[in-house]
Engineer: 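Submitted below is the structure of interest, expressed as structure tokens.
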Amino acid sequence: MEGEHDHVHLLVNYLPKVAISNLVNSLKGVSSRLLRQQFLSLHKYYWKGVLWSPSYFASSCGGASIETVRKYIEQQKTPA
């Protein structure tokens, strides 16, 4: 996982029978609940009353190795 001020990059290994939309909704729901419990002042960053926007982008990595994808995600860090 890596992130920037307005989005995060996740490398997720999941069963092919799981719908990507259900996976994303579960990740957003659980992470939102846990973050709101841990950071009580998080409400000032809400988007229309919620922590996460309803949008997402998902892409498969084809024949790329996990290590190649992991390096790509790590390179997405915002330069200091």
Side-chain angles (χ1 to χ4, degrees):
M1 177 181 152
E2 292 296 339
E4 297 185 29
H5 73 283
D6 61 351
H7 66 278
V8 295
H9 296 262
L10 299 174
L11 174 58
V12 179
N13 184 12
Y14 64 97
L15 297 173
K17 66 180 183 179
V18 176
I20 189 70
S21 59
N22 291 342
L23 175 66
V24 170
N25 286 335
S26 292
L27 290 170
K28 286 182 175 185
V30 171
S31 62
S32 176
R33 185 172 57 255
L34 293 174
L35 287 168
R36 285 183 286 157
Q37 288 173 352
Q38 188 172 359
F39 302 102
L40 300 177
S41 64
L42 197 57
H43 69 276
K44 61 185 170 187
Y45 299 103
Y46 287 0
W47 182 84
K48 295 186 177 182
V50 295
L51 180 59
W52 302 114
S53 78
S55 63
Y56 66 91
F57 170 79
S59 178
S60 64
C61 57
S65 69
I66 293 296
E67 189 56 34
T68 300
V69 176
R70 186 183 322 272
K71 285 180 183 177
Y72 170 78
I73 293 171
E74 289 172 352
Q75 292 171 355
Q76 299 305 303
K77 293 180 183 177
T78 303

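Since we're looking at a predicted model, the values are computed, not measured.
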Engineer: Show every donor-acceptor pair shorter than 3.5 Å between a side-chain atom in residues 17-24 and any protein atom, with sequence neighbours excluded, or say none if there are none.
Structural biologist:
none

Engineer: Show the atom names and distances, to 0.1 Å, of all donor-acceptor pairs under 3.5 Å that link a side chain in residues 30-40 to residues at least two apart or in another chain.
Structural biologist:
unit_1: S31; atom_1: OG; unit_2: L27; atom_2: O; d: 2.7
unit_1: S31; atom_1: OG; unit_2: K28; atom_2: O; d: 3.2
unit_1: S31; atom_1: OG; unit_2: W52; atom_2: NE1; d: 3.0
unit_1: S32; atom_1: OG; unit_2: R36; atom_2: NE; d: 3.1
unit_1: S32; atom_1: OG; unit_2: R36; atom_2: NH2; d: 3.3
unit_1: R36; atom_1: NE; unit_2: S32; atom_2: O; d: 3.2

Engineer: Restricting to side chain to side chain donor-acceptor pair (under 3.5 Å), what partner residues turn up for S55, sequence neighbours left out?
Structural biologist: S53
Engineer: Sequence neighbours left out, what pairs pass salt bridge (charged side-chain N to carboxylate O under 4.0 Å, His left out) with at least one residue falling in residues 54-70?
Structural biologist: E67-R70
Engineer: What residues form a side chain to side chain donor-acceptor pair (under 3.5 Å) with S26, not counting sequence neighbours?
Structural biologist: none
Engineer: Under the side chain to side chain donor-acceptor pair (under 3.5 Å) test, which residues partner S65, sequence neighbours left out?
Structural biologist: T68
Engineer: Using a side-chain heavy atom cutoff under 4.5 Å and only I, L, V, M, F, W and Y, what cluster partners does F57 have?
Structural biologist: none
